[in-house]
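Numbers for residues simply follow the sequence, beginning at 1.
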Amino acid sequence: MQASDRFNINSQLEHLQAKYVGTGHADLTRFEWAVNIQRDSYASYVGHYPMLAYFSIAENESIGRERYEFMQKMLLPCGLPPERDED
């Protein structure tokens, strides 16, 4: 692999990271990464009706109730953020 290929790959990765939040970046904390994964999952469940129907049948709830619960979970999917040390 040549240096120009490596630069091209890195520039493409930086472009994707700037364009799509879920792809992360070097300064992304573990908590932020987990929040992105959880929110993407909940958004997928709400957006795909068969998946939403599966969850509603499994939990014996209405589809509207499951949609509401998933949207509420998107607010704080991993709880409150951890305390940061201000240096």
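- Not a single donor-acceptor pair under 3.5 Å links the side chain of H15 to the backbone N or O of S11.
- The line from CD1 of I57 to CD of E66 is 10.5 Å long, rounded to the nearest 0.5 Å.
- When atom types are taken as modelled, the side chain of S41 and the backbone of I37 share a donor-acceptor pair closer than 3.5 angstrom.
- Two residues are said to be in side-chain contact when any heavy atoms from C-beta on lie closer than 4.5 Å; P50 and Y54 fail this criterion.
- Put simply, CD on Q72 and CE on M74 are 10.5 Å apart, with the number rounded to the nearest 0.5 Å.
- Panel note: side chain R39, backbone L75; a donor-acceptor pair is recorded below 3.5 Å.
- Note that CD1 of I9 and CD of E14 are 12.5 Å apart. Values are rounded to the nearest 0.5 Å.
- A continuous path of Ile, Leu, Val, Met, Phe, Trp and Tyr side chains, each step under 4.5 Å between heavy atoms, connects M71 with Y42, placing both in one hydrophobic cluster.
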- Show your working on salt bridge (Lys or Arg N to Asp or Glu O under 4.0 Å) between E69 and K73 and close with a plain yes or no. CA-CA 6 Å; E69 291 294 327; K73 288 180 183 178; 5.7 Å; no
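- When the side chains of ILVMFWY residues are joined at heavy-atom separations under 4.5 Å, either directly or via intervening members, V35 and W33 end up in two distinct hydrophobic clusters.
- Atom OH of Y68 sits in a sparse spot, with 12 or fewer heavy atoms from other residues, nucleotides or ligands closer than 6.0 Å.
- For F55 and F70, the distance between ring centers is under 6.0 angstrom.
- Nearest approach of S56 to I63, heavy atoms of both residues: OG-CG1, 3.4 Å.
- Here the shortest heavy-atom pairing between G79 and F31 reads O-CZ, 3.5 Å.
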